[in-house]
Amino acid sequence: MASDFIWPPFTQTRTAPDPIKIVRGQGSVLYTEDGLELLDLISSWWVNLHGHAHPVLAEALYQQAQTLEHVIFAGFSHQPAEQLAESLCRLSGLDRLFFSDNGSTSVEVALKMALQYWHNLEQPRKRILTLQGGYHGDTFGAMSVGQSSGFYGPFEHLLFAVDALPFPAAPQASLDWLDRHLQQHAADVAAVILEPLVQGAAGMRMYSPEFLEAVCQKVRMAGGLVILDEVMTGFYRTGKLFAFQHTPVKPDFLCLSKGITGGFMPLGVTLTTSQIFEAFEGNSFSRAFAHGHSYTANPLSCAVANASLELLLHPETLQNISRIEEQHRTFLTELQPQKDIQGARVLGTLLAFEWQCQGEYGSSCSLNLRNAFLQKGLLLRPLGNTLYLMPPYCTTSTQLGRAHQTILQVLGETKSTP
Ligand SMILES: Cc1ncc(COP(=O)(O)O)c(C=O)c1O
């Protein structure tokens with residue numbers, strides 16, 4: 001029975017089945033109240049990296065909870081935050097890190113910083129470029145830059161205008177659009193915001209590093225800033241620590257969240273350059289970035305993020321990441337000849353393909369598939385008619401191999417009615 005007191009996210013409660021009660025997790029497996037085992041192939045909404053209830057992360061959290069659970073972060077600091085900021089700056093090549101507490105806020109921060117940067121320079125630029133279909137979160141700024149994702153009908157009249165670059169189904173046509181746009185508006189382009197290489201919520205839509213590089217170069221040439229939203233792609237999901245590292249591009253802003261704590265605690269961060277940071281310095285508070293959240297740089301989140309980062313960079317984890325990619329690639333050769341399957345693709349630990357049923361987010365087709373997978377012990381959550389796998393890195397080759405074969409079996413058995 002569903003709780004009468006909870007309003008669940010992204011759910012039409014009238015038609016959705018009751019939520020499945022999970023009582024514990026270990027490795028890539030979640031255990032239900034009824035004693036069923038579910039292999040978490042979506043890393044619990046893309047957050048989990050090392051498996052559920054990982055003892056090293058649990059210990060880091062426990063130790064920190066006994067030392068300092070939280071402290072106001074304006075006028076105060078602490079070791080876990082300083083360590084995390086230094087590590088992420090070094091690993092990304094950026095210079096300064098601002099803490100918030102989820103993916104949407106990491107995007108809000110980047111947008112506000114980009115716009116205030118131009119304001120502080122007294123060269124106000126107002127236009128934000130986005131990539132059509134991009135999703136950046138559910139707060140108002142994030143909705144504005146993600147409005148072409150199609151989730152925000154009731155709020156459309158309140159979202160600020162953005163210019164959406166066509167998705168590069170035909171890359172040259174998109175770049176030509178961008179050239180034309182910049183010819184007209186170059187001096188007013190404040191920034192471009194993109195999910196680098198993969199648009200997650202749009203259906204794991206992938207595009208080339210060359211396109212990313214070309215867009216960033218053109219926007220830079222016009223004087224605009226580059227915001228990369230790696231809330232989903234960060235922490236090796238695409239086979240590199242950050243997706244932008246598949247290219248020579250270095251962003252002006254990098255938004256991270258989700259995997260940052262290995263899936264243990266909410267945390268968002270926005271990294272930027274010294275050049276941006278310095279534009280906020282001065283003798284007056286009006287130049288400062290007047291933004292902060294109560295749980296900014298929560299020590300528990302930072303401690304577990306430090307522990308997760310250490311695990312992530314361990315050779316065994318890196319081997320697992322390569323192994324998952326290889327296993328996905330082998331599976332691709334089995335998938336590609338299947339008659340109802342299109343667009344099978346792999347990038348790092350991500351595997352995605354379209355199944356022939358037509359369905360939007362939450363359609364009966366994707367719900368039927370989700371249920372069929374659950375009955376076979378697989379936690380998968382199709383995005384419309386896109387099926388994807390994004391397993392935690394501890395998923396064993398046996399678990400993954402079994403999942404691949406079960407997927408083929410379920411797709412073979414499930415009638416493709418919309
Ligand atoms: C690329 C991207 N940006 C931002 C967000 C928003 O993150 P959150 O749900 O933590 O607010 C998401 C969430 O799926 C995302 O995929």
Side-chain angles (χ1 to χ4, degrees), residues 7-11 40 42-49 98-114 128-152 155 159 162 164-165 167 191-207 212 226-238 242-244 251 253-271 291 293 295-296 298 301 304-305 308 347-350 352 361-362 381-384 386 388-390:
W7 187 333
F10 273 103
T11 303
D40 184 354
I42 56 164
S43 296
S44 280
W45 246 345
W46 318 346
V47 300
N48 193 296
L49 298 186
F98 190 94
F99 287 100
S100 60
D101 42 28
N102 60 67
S104 308
T105 53
S106 75
V107 168
E108 295 288 339
V109 166
L111 292 169
K112 286 177 67 178
M113 279 182 177
I128 304 279
L129 262 166
T130 66
L131 184 58
Q132 215 169 50
Y135 173 81
H136 300 283
D138 296 336
T139 50
F140 269 83
M143 286 197 293
S144 297
V145 292
Q147 53 196 284
S148 58
S149 66
F151 287 117
Y152 310 125
F155 315 106
L159 304 182
V162 296
L165 172 66
F167 186 82
V192 62
I193 179 164
L194 302 151
E195 292 164 89
L197 306 193
V198 191
Q199 289 187 319
M204 298 298 154
R205 289 210 295 188
M206 298 182 188
Y207 62 91
L212 176 66
V226 172
I227 302 172
L228 296 184
D229 174 355
E230 297 231 22
V231 167
M232 186 281 278
T233 52
F235 304 105
Y236 282 107
R237 293 294 186 198
T238 69
F242 303 117
F244 77 82
F253 297 97
L254 176 66
C255 305
L256 301 173
S257 184
K258 291 202 182 271
I260 191 169
T261 65
F264 263 59
M265 295 288 289
L267 183 66
V269 301
T270 308
L271 292 117
H291 183 115
H293 300 279
Y295 282 96
T296 294
N298 173 252
S301 300
V304 83
S308 173
L347 183 61
T349 62
L350 278 171
Y361 193 95
R381 201 180 149 87
L383 294 158
T386 303
Y388 72 93
L389 275 73
M390 191 193 291

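For ligands, and for the atoms within them, numbers begin at 1 and follow the listed sequence. One is the number of the first residue; the rest follow in order along the sequence. When reading the values below, keep in mind they use all heavy atoms of this one structure, side chains included, and skip hydrogens, waters and symmetry mates.
In this structure, Phe167 and Leu131 have side chains that are in contact, with non-hydrogen atoms separated by less than 4.5 Å. The closest side-chain heavy-atom distance from Phe235 to Leu256 is below 4.5 Å. Here the side chains of Cys255 and His136 are not in contact, with every heavy-atom distance at 4.5 Å or above.
Applying the ring pair (Phe, Tyr, Trp, His ring centres under 6.0 Å) criterion to Tyr236, with sequence neighbours excluded, gives no partner residue.
Smallest separation of non-hydrogen atoms from Leu254 and Phe244: CD2-CE2, 3.9 Å.
Sorted by chain and number, the residues within 4.0 Å of ligand 1 by heavy atom are Trp46, Asn102, Gly103, Ser104, Tyr135, His136, Gly137, Glu195, Asp229, Val231, Met232, Lys258.
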Please step through side-chain contact (heavy atoms from CB on, under 4.5 Å) for the pair Leu197 and Leu347, ending with a clear verdict. CA-CA 9 Å; Leu197 306 193; Leu347 183 61; 4.1 Å; yes
